[in-house]
Amino acid sequence: MRHRIAVVGSGPAGLTFARVLHRHGYPVAVLERDPAPDARPPGGTLDLQEGLGQLALDKAGLLAEFQALSRPEGQAMRILDADGTVLRDWRPRPDDRANPEIDRGQLRDLLLGPLDVQWGRGVTQVVPGTRDGALVHFADGRQETFDLVVGADGAWSRIRPAVSSVTPHYTGVTLFETSLDDVDTRHPDLARLVGDGSVAVYGVNRALVAQRNSGGHVKVYAQFRAPLDWHTNLDLADVEAVRSSLLALFDGWAAPVLDLLRHATAFVHRPLYVLPVSHTWTHVLGVTLLGDAAHLMPPLGAGANLAMLEGAELAESIATGPGDLDETVRAFEEQMWARAGRWAKITTAGLERLVSPDPAEALALFDQVQPS
Ligand SMILES: Cc1cc2nc3c(=O)[nH]c(=O)nc-3n(C[C@H](O)[C@H](O)[C@H](O)COP(=O)(O)OP(=O)(O)OC[C@H]3O[C@@H](n4cnc5c(N)ncnc54)[C@H](O)[C@@H]3O)c2cc1C
């Protein structure tokens with residue numbers, strides 16, 4: 001029997017869920033708030049791990065296309081001291097496919113493929129347990145019912161309140177994101193500093209990370225510990241004022257490292273929020289969550305990977321399982337909670353060590369996780 005299924009959100013979780021259902025010929029409504037796929041800049045690069053994001057793409061029948069698009073050389077990682085001394089310079093072997101990078105926009109287009117996303121359909125609320133199923137309320141006042149509504153609508157999920165009263169809390173770490181274009185031509189010194197992959201510089205309660213995307217684009221992330229209201233006297237829309245604040249925060253760091261901030265043309269403010277490490281809920285008939293909506297964690301290379309694998313696994317078990325939709329969702333939730341809980345612990349501890357009073361902690365963490 002074919003159930004009426006909707007997924008809210010067309011991020012990595014929602015699109016992978018929909019794409020795997022589509023592969024099995026199973027219909028799904030994809031409801032996305034953005035008016036078009038390119039309504040917002042897609043964001044930086046993602047590394048997709050072999051047993052997580054890549055496994056999800058395999059389930060979607062997209063692994064070969066991913067391998068053709070992705071950048072294995074992007075796994076390279078260089079670590080510097082605040083004074084510019086190179087502490088580690090790790091490069092992957094040519095055949096290393098453990099964690100290749102892909103631009104978010106490329107991944108989105110790969111997953112979108114033949115999917116018929118309903119753009120501009122912001123959901124405000126879902127009410128489970130109505131006579132005809134779970135009732136979805138849209139921002140334009142319309143309503144629709146489904147047998148299952150999957151909330152894949154990210155950190156500030158509008159679906160989450162149907163299953164859980166928990167909301168994200170601030171980690172104590174704030175991030176500013178910026179980018180540089182055409183680095184090989186316009187900023188060759190910075191292109192060399194970043195290399196094929198990433199460069200990370202760790203100081204006391206501060207870090208600067210720059211990551212190469214495709215097409216000579218570099219994303220830069222300045223992270224530091226601060227109270228949530230640290231910027232009360234700063235106009236976040238004033239690029240020069242933000243730059244001065246950041247340069248003051250990273251005062252004394254090596255000039256080539258600070259050039260990553262000096263050449264930036266815009267800054268996006270992202271205080272880092274998380275859900276509690278082991279976020280679970282009492283199962284609710286007709287509604288579930290995937291990805292950041294279920295387990296928002298520090299951005300340390302796991303969130304999109306988990307989101308995609310969860311999407312693929314839930315879709316596969318709905319399309320190929322024995323048929324009791326509610327039992328399928330219950331079993332999926334147990335599996336998701338266990339795995340996400342493990343990763344939330346790892347990434348929470350990781351953030352503590354990467355933006356820490358003792359920069360040696362970051363290096364020790366790198367040595368622990370990086371293959372030699
Ligand atoms: C700086 C940074 C770097 C990161 N790097 C990595 C990395 O290298 N590897 C990794 O695995 N993870 C990384 N992450 C984490 C990763 O971005 C997230 O975990 C991932 O995007 C979660 O996917 P998602 O589909 O659950 O949610 P999202 O990507 O947030 O997608 C949610 C979608 O839902 C839509 N939506 C929201 N509200 C509504 C609504 N009310 N109605 C309809 N649609 C709605 C949104 O428009 C969006 O399209 C990083 C995060 C950050 C901030």
Side-chain angles (χ1 to χ4, degrees), residues 6-18 29-49 52-54 56 70 74-75 77 99-104 107-108 111-112 117-126 136-140 149-162 168 171 173-179 197-198 207 209-211 213 219-223 268-275 289-311 336 340 343-344 347 350-351:
V7 61
V8 183
S10 69
L15 285 182
T16 312
F17 175 70
V30 186
L31 311 171
E32 167 59 48
R33 177 182 59 186
D34 284 349
D38 54 1
R40 283 181 293 130
T45 176
L46 290 170
D47 59 303
L48 295 190
Q49 302 179 26
L52 297 171
Q54 291 187 53
S70 63
Q75 299 169 98
M77 181 81 194
N99 253 337
E101 296 280 339
I102 185 166
D103 289 7
R104 276 175 196 260
L107 178 66
R108 178 201 60 207
L111 288 167
L112 267 177
V117 173
Q118 299 182 31
W119 301 103
R121 297 217 74 196
V123 170
T124 53
Q125 184 189 11
V126 59
V136 172
H137 292 256
F138 291 93
D140 62 7
V149 176
V150 177
D153 53 339
W156 303 102
S157 172
R158 302 301 285 263
I159 309 305
R160 190 166 52 229
T171 54
V173 174
T174 279
L175 180 151
F176 272 89
E177 181 181 321
T178 184
S179 49
S198 302
V209 178
Q211 277 189 310
N213 293 221
K219 281 264 179 231
V220 181
Y221 303 99
Q223 305 169 49
V268 182
H269 177 229
R270 293 191 195 282
L272 296 181
Y273 282 83
V274 291
L275 283 166
L289 305 175
L290 297 180
D292 280 5
H295 48 65
L296 181 64
M297 56 185 78
L300 293 177
N305 278 277
L306 292 171
M308 291 172 68
L309 185 56
E310 289 157 10
M336 168 174 68
W343 278 100
T347 53
L351 186 66

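Bear in mind the structure is a predicted one, so any value in this text is a computation, not a measurement. Counting starts at 1 for both ligands and their atoms, in listed order.
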State the atoms of ligand 1, each with its element, that fall below the 4.0 Å cut-off from a heavy-atom position in [X].
X: Asp34; value: 47 (O)
X: Arg40; value: 46 (C), 47 (O), 48 (C), 49 (O)
X: Ala302; value: 10 (C), 11 (O)
X: Gly291; value: 26 (O)
X: Pro299; value: 2 (C), 3 (C), 4 (C), 50 (C), 51 (C), 52 (C)
X: Leu31; value: 43 (C), 44 (N)
X: Val123; value: 40 (C), 41 (N), 42 (N), 43 (C)
X: Ala152; value: 32 (C), 33 (C), 34 (O)

**Prompt:** When you look at His137 and Arg158, which way does the side-chain contact (heavy atoms from CB on, under 4.5 Å) test go after all the steps?
**Reply:** CA-CA 10 Å; His137 292 256; Arg158 302 301 285 263; over 6 Å; no

N/O donor-acceptor pair under 3.5 Å between [X] side chain and [Y] backbone:
X: Thr178; Y: Val220; value: no
X: Asn305; Y: Leu52; value: no
X: Thr171; Y: Leu272; value: yes
X: Asn213; Y: Gln211; value: yes
X: Arg33; Y: Val8; value: no

**Prompt:** Given the rule in the side-chain contact (heavy atoms from CB on, under 4.5 Å) test, do Ser70 and Leu48 qualify, once you have shown the distances and angles that lead to the verdict?
**Reply:** CA-CA 9 Å; Ser70 63; Leu48 295 190; over 6 Å; no

[atom]: the protein heavy-atom neighbour that sits closest, reported with distance to 0.1 Å:
atom: atom 31 (O) of ligand 1; answer: Gly11 CA, 3.5 Å
atom: atom 26 (O) of ligand 1; answer: Asp292 N, 3.0 Å
atom: atom 9 (N) of ligand 1; answer: Gly301 CA, 3.4 Å
atom: atom 44 (N) of ligand 1; answer: Arg33 N, 3.1 Å
atom: atom 12 (N) of ligand 1; answer: Ala304 N, 3.1 Å
atom: atom 6 (C) of ligand 1; answer: Leu46 CD2, 3.4 Å

So, regarding [X] and ligand 1 (criterion: nitrogen or oxygen to nitrogen or oxygen, under 3.5 Å), is there a contact or not?
X: Arg158; value: no
X: Ala293; value: no
X: Arg270; value: no
X: Glu32; value: yes
X: Ala155; value: no

**Request:** Could you point out which residue of Pro168, Pro299, Pro298 forms a side chain to side chain contact (heavy atoms under 4.5 Å, CB included) with Val274?
**Result:**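 Testing Val274 for a side chain to side chain contact (heavy atoms under 4.5 Å, CB included) against Pro168, Pro299, Pro298 leaves exactly one candidate, Pro298.
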
**Request:** Identify the residue among His269, Arg270, Gln223 that makes a side chain to side chain contact (heavy atoms under 4.5 Å, CB included) with Phe176.
**Result:** His269

**Asked** Taking heavy atoms and a distance under 4.0 Å, where does Val8 meet ligand 1: side chain, backbone, both or neither?
**Response**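 Only the side chain of Val8 comes within reach of ligand 1.
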
**ligand 1 contact on Tyr221 by region, counting heavy-atom pairs under 4.0 Å** =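 For Tyr221, the contact with ligand 1 is made by the side chain alone.
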
**Prompt:** Which of the listed options, Gly154, Gly44, Ala307, Ser10, holds the heavy atom that is closest to atom 28 (P) of ligand 1?
**Reply:**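 Selected option, by shortest heavy-atom distance: Gly154.
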
**Request:** For atom 8 (O) of ligand 1, state which one of Asp47, Thr347, Leu300 supplies the nearest heavy atom.
**Result:**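 Selected option, by shortest heavy-atom distance: Asp47.
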
**Prompt:** Using a distance-only test with no angle check, is there a side-chain donor-acceptor pair under 3.5 angstrom linking Glu101 and Thr45?
**Reply:** yes

**Request:** Measure the CZ-CG distance between Phe17 and Leu111 for me, rounded to the nearest 0.5 Å.
**Result:**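 Going from the CZ atom of Phe17 to the CG atom of Leu111 covers 13.5 Å.
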
**Request:** Assess Arg104 for proximity to ligand 1: is some non-hydrogen atom of it under 4.0 Å away?
**Result:** yes

State, with a plain yes or no, whether a side-chain heavy atom of [X] is found less than 4.5 Å away from one of [Y].
X: Pro100; Y: Gln54; value: yes
X: Val117; Y: Pro37; value: no
X: Leu107; Y: Leu46; value: yes

